[in-house]
Q: 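Here's a structure for you.
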Amino acid sequence: MIPKRERPIGITLLALAFLWIGCVGSICFVIMVSAVGRASVSTLIPPISQVSLSPVVGYSLLVLWFLAYVAYTFIGVGLWRLRNWARRSLHGLSIILGAIGFLLTLIFARPAVLGIPMIIGICVPFVWLTWYLARPRVVYAFGGESSQQTDLSSKLPSGMSAAGKIWTAIAGVTTFGLFIVALLFAVEIMMRQSDVYKMSLAQAQHSSCVAAVVGKSFTVGWFVSGSIEENNDDGSANFSIPIKGSMGSARLEVSAERHNKAWIIDELSLAQNEKMIRLIPSEASSTCQ
């Protein structure tokens, strides 16, 4: 008796995701092209907005973009109907996209520390997908051949053991945790490398108020909170730096603007408990204690 081949829950989710991306993407693409009419390709493809393209190349890119949505739809249908060509296509696609993502990350990740969370967030999911599509039960569900040469009348492959499920869950949670930690670490390093961050610390190191509150010398703690945004020659920053000295700990509250590639600190304050001491634009030595 041939066992009934049921669609694994993972394949169902993948099929729905591909159908959603393919169908909705195709519809939105047609609407978008119709809305812009004969507009330049740079209007539709921001990453190449600075590149001068001939009309033939531009429209070819648009056609490939649309065909990618169509391919997503076909793969989604194939996964839903348990067609082995769809599994093989997705298996090969995950390997290719994972390799491309890894190479692009190595080439374009700036600063380099940002490449760590990018590799974990972009490449590792494709590794997981490749592993899942090669699972014996997944291969069996599509009527394909596993490493043990199963045919249509073969026995249903055994599932993952309880220990295997636990280790897989641990690996998944660990991967996600590493991504979050790497992302936070990358953001922290990027903020510490910014000019406005260095300027703020330089001002604090020469402040008599900071010396009176936390000590003449202090160390900078981790978890700088806030944001630093740069857009060509302009930008803005609002962030907080934890510091600790021999007399106690506090936080430097910074607000700055960037014009013509030069940062100007609008406000720099020292916060400790409920007390707030303004260092910039003015420092009143009588309020330092």
Side-chain angles (χ1 to χ4, degrees), residues 1-29 64-105 115-183:
M1 180 178 179
I2 301 176
K4 182 180 179 181
R5 301 182 187 277
E6 296 182 352
R7 186 187 315 108
I9 183 62
I11 296 300
T12 300
L13 295 176
L14 284 172
L16 291 175
F18 271 74
L19 287 171
W20 173 263
I21 295 174
C23 294
V24 175
S26 299
I27 295 173
C28 292
F29 181 86
L64 290 175
W65 189 359
F66 177 74
L67 290 178
Y69 285 128
V70 174
Y72 265 76
T73 304
F74 272 98
I75 291 177
V77 173
L79 292 175
W80 186 268
R81 300 183 65 181
L82 295 178
R83 297 294 187 260
N84 200 38
W85 62 263
R87 184 192 69 85
R88 290 181 178 274
S89 298
L90 183 54
H91 192 265
L93 187 64
S94 64
I95 296 176
I96 294 173
L97 292 180
I100 292 175
F102 181 77
L103 291 176
L104 292 179
T105 299
I116 300 176
M118 289 179 64
I119 289 177
I120 297 176
I122 297 175
C123 303
V124 173
F126 287 115
V127 175
W128 277 102
L129 181 59
T130 302
W131 170 81
Y132 175 74
L133 292 173
R135 295 284 302 156
R137 281 205 172 188
V138 174
V139 175
Y140 179 85
F142 282 89
E145 293 183 346
S146 66
S147 59
Q148 296 179 348
Q149 193 71 20
T150 60
D151 56 32
L152 293 178
S153 60
S154 63
K155 182 180 178 181
L156 178 68
S158 58
M160 187 179 297
S161 64
K165 292 179 180 178
I166 293 175
W167 281 111
T168 301
I170 292 175
V173 173
T174 302
T175 300
F176 181 75
L178 287 175
F179 170 73
I180 297 298
V181 171
L183 182 61

Q: Enter the distance from Leu79:CG to Thr12:OG1 here, rounded to the nearest 0.5 Å.
A: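 The distance works out to 9.5 Å.
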Q: Find out whether Ser89 and Phe74 are in side-chain contact, i.e. whether some heavy atom of one side chain is under 4.5 Å from a heavy atom of the other.
A: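 SC-SC contact between Ser89 and Phe74 ruled out.
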Q: Can you tell me how far apart CZ (Phe142) and CD1 (Ile11) are? Round to the nearest 0.5 Å.
A: 4.0 Å
Q: So does Trp80 get a backbone contact from the side chain of Arg7, meaning a donor-acceptor N/O pair under 3.5 Å?
A: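 Yes, because the side chain of Arg7 sits within donor-acceptor range (under 3.5 Å) of the backbone of Trp80.
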Q: List for me each residue that meets side-chain contact (heavy atoms from CB on, under 4.5 Å) alongside Val24, sequence neighbours excluded, and say none if there are none.
A: Trp20, Cys28
Q: Should the ring pair Trp128 and Trp131 be called parallel, tilted or perpendicular, given that the plane angle runs from 0 to 90° and is split at 30 and 60?
A: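 Rings of Trp128 and Trp131: perpendicular, as their planes differ by over 60°.
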Q: Kindly write out the residues that satisfy side-chain hydrogen bond (donor to acceptor under 3.5 Å, both in side chains) with Thr130, not counting sequence neighbours, or none if the list is empty.
A: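 Only Ser94 meet the side-chain hydrogen bond (donor to acceptor under 3.5 Å, both in side chains) criterion with Thr130.
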Q: With Phe66, which residues qualify under ring-ring contact (aromatic ring centres under 6.0 Å, His included), at least two apart?
A: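 Here the qualifying residues are Phe29.
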Q: Identify, with sequence neighbours excluded, every residue that meets ring-ring contact (aromatic ring centres under 6.0 Å, His included) alongside Trp85.
A: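 Residues passing ring-ring contact (aromatic ring centres under 6.0 Å, His included) with Trp85: none at all.
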Q: Name the residue from Leu90, Val139, Leu93, Ile95 that meets the side chain to side chain contact (heavy atoms under 4.5 Å, CB included) definition with Leu133.
A: Leu90
Q: Quick one: list whatever passes ring-ring contact (aromatic ring centres under 6.0 Å, His included) with Phe18, sequence neighbours left out.
A: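 Residues passing ring-ring contact (aromatic ring centres under 6.0 Å, His included) with Phe18: Tyr72.
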Q: Sequence neighbours left out, what passes side-chain hydrogen bond (donor to acceptor under 3.5 Å, both in side chains) with Tyr69? Give chain and number order.
A: Trp65
